[in-house]
Enquirer: 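Here's a structure for you.
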Amino acid sequence: MSNPWYRAPIVSAVALVLVACGHHSDGRAVVRPRSHAPTTRVTARAGPPPADVYAHTGVGQLSPAVAGVPSRVYVPNSEADTVDVIDPISFRIVDHFAVGRVPQHVTPAWDLTTLYVDNDLGNSLTPIDPRTGRVGAPIPVDDPYNLYFTPDGTKAIVVAEKLRRLDFRDPHTWKLVKSVAIPHPGVDHADFSADGKEMLLSCEFSGWVVRVDVEHMAVTGELHVSGSPVDVKLAPDGSAFYVANQVRNGVSVVDPSSMHEQRFIPTGRGAHGLYTSRDARSLYVSNRLAGTVSVIDFATGHIIATWPTGGSPDMGGVSADGTQLWLSGRYDAEVYVIDTRSGQVLHRIPVGRGPHGLCVFPQPGRYSLGHTGVFR
């Protein structure tokens with residue numbers, strides 16, 4: 001086929017999209033499409049979507065690495081420089097501790113054995129042993145707004161937002177391997193291609209998304225989607241990335257091969273976080289300013305439900321059994337627990353000031369790609 005991000009499977013009867021990009025040299029010309037990408041009509045697709053990208057993240061698919069790890073929800077309070085730990089059975093805070101300045105996200109390590117609190121202005125990562133809850137000594141790194149891991153586990157990628165760069169590091173020693181300058185301000189959220197060779201990153205303050213070859217550690221393309229792009233999520237079939245835009249109030253669907261916006265899905269004011277349902281059929285969009293969550297059907301691209309939450313739903317994760325969506329209330333010092341079957345808010349839990357990148361752990365998956373829990 002003409003799209004190099006699609007290749008037919010050999011043995012599967014279900015269409016499987018595998019990313020075949022990522023072999024470009026560092027000198028490849030940067031793709032610069034028009035500033036205002038065209039919007040196209042959503043075409044309905046018969047039957048359920050293939051779920052190959054998330055084939056190992058369904059209900060019951062917990063890794064042996066997390067056997068015996070207690071289920072907890074970790075809430076970094078970016079204005080209080082603390083972390084609250086919630087028991088999702090009792091919905092009570094069971095631990096609370098101080099960390100470095102402006103903790104932005106809690107990120108599971110690639111091997112699922114450690115959680116890292118990303119202390120942005122503290123220039124450090126605070127490790128947590130999820131088995132015991134014990135907090136380790138801070139690890140010095142520059143400007144860790146966010147943290148990712150390459151799908152092969154060989155590199156950690158520190159997203160240094162204010163420094164406008166990605167720092168590729170050894171995930172064990174944290175020694176710097178290479179810094180990659182990002183040409184636009186506000187780089188902060190990302191996801192990886194289906195073959196793990198490339199990633200798409202949002203640049204929140206400038207309206208751009210940037211494609212990076214993680215093997216060669218180089219920028220290979222960019223697209224101006226305008227507004228303020230934030231969270232990024234790969235489609236279940238690997239063919240496109242969904243990018244939340246908190247100024248355009250919806251979600252862009254981006255073709256990572258041509259670097260064009262295929263279509264735009266309006267959701268609600270302040271579209272911010274993106275989370276895949278446990279069966280990989282739906283995408284949950286937290287609309288932080290609207291106080292709602294939109295549910296997008298991956299198969300059709302249509303919004304099939306809008307759940308009123310009130311407050312300021314921001315970042316979070318889906319419970320291991322898929323029945324709950326946990327989100328931080330960024331401006332309201334609370335956490336929302338939403339029933340994914342009814343859309344009802346089950347609990348509102350008071351936490352510290354400025355709760356941000358909430359992490360539900362453990363979740364199904366063989367390994368973590370980072371952020372608040374992007375699993376494969």
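Just so it is clear, the values below take in all heavy atoms, side chains as well, and ignore hydrogens, waters and symmetry mates.
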Enquirer: Given 3.5 Å as the limit, does a donor-acceptor pair link the side chain of N119 with the main chain of V102, or not?
Expert: no
Enquirer: May I ask you to decide whether D142 forms a salt bridge with R165, counting only side-chain N to carboxylate O separations under 4.0 Å?
Expert: yes
Enquirer: Could you pull out all residues at least two apart from P138 that satisfy side-chain contact (heavy atoms from CB on, under 4.5 Å)?
Expert: S124
Enquirer: Check this for me, if you would: do R134 and D129 make a salt bridge, where the nitrogen-to-carboxylate-oxygen distance has to be below 4.0 angstrom?
Expert: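 A salt bridge is absent here (no side-chain N lies under 4.0 Å from a carboxylate O).
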Enquirer: Can you find a side-chain donor-acceptor pair between T107 and D118 that sits under 3.5 Å?
Expert: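 Yes - a donor-acceptor pair under 3.5 Å links their side chains.
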Enquirer: Compute the centroid of each ring, for W307 and then for Y336, and state whether the two points are separated by less than 6.0 Å.
Expert: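 That pair fails the under 6.0 Å test.
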Enquirer: Is there a donor-acceptor pair closer than 3.5 Å between any side-chain N or O of S328 and the backbone N or O of M315?
Expert: yes
Enquirer: Would you check if the side chain of S286 reaches a backbone N or O of G273 as a donor-acceptor pair within less than 3.5 Å?
Expert: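 Answer holds: yes.
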Enquirer: Examine Y145 together with H105 and report whether their ring centres are nearer than 6.0 Å.
Expert: yes
Enquirer: So, Y74 side chain and V83 main chain: donor-acceptor pair closer than 3.5 Å or not?
Expert: no
Enquirer: So, R353 side chain and E79 main chain: donor-acceptor pair closer than 3.5 Å or not?
Expert: yes
Enquirer: Is a side-chain donor or acceptor of N245 paired with a backbone partner of R248 at a separation under 3.5 angstrom?
Expert: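 Yes: the side chain of N245 pairs with the backbone of R248.
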Enquirer: Measure up the H356 and H272 rings against each other and bin them: parallel (under 30°), tilted (30 to 60°), perpendicular (over 60°).
Expert: tilted
Enquirer: Short question: side chain of R348, backbone of E334 - any donor-acceptor pair under 3.5 Å?
Expert: no
Enquirer: Please confirm whether the backbone N or O of P236 pairs with a side-chain atom of T276, one donor and one acceptor, at under 3.5 Å?
Expert: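 Pair absent, no side-chain N/O of T276 close to backbone of P236.
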Enquirer: Between F91 and H347, what is the ring plane arrangement, given parallel below 30°, perpendicular above 60°, and tilted in between?
Expert: parallel
Enquirer: I need the minimum non-hydrogen distance between Q363 and T372, along with the two atoms involved.
Expert: NE2-O, 4.5 Å
Enquirer: Step by step, would you call D191 with R376 a salt bridge (charged side-chain N to carboxylate O under 4.0 Å, His left out)?
Expert: CA-CA 11 Å; D191 200 356; R376 294 284 194 269; 3.0 Å; yes
Enquirer: Tell me if a side-chain donor or acceptor on S368 pairs with a main-chain N or O of P108 at a distance below 3.5 Å.
Expert: yes
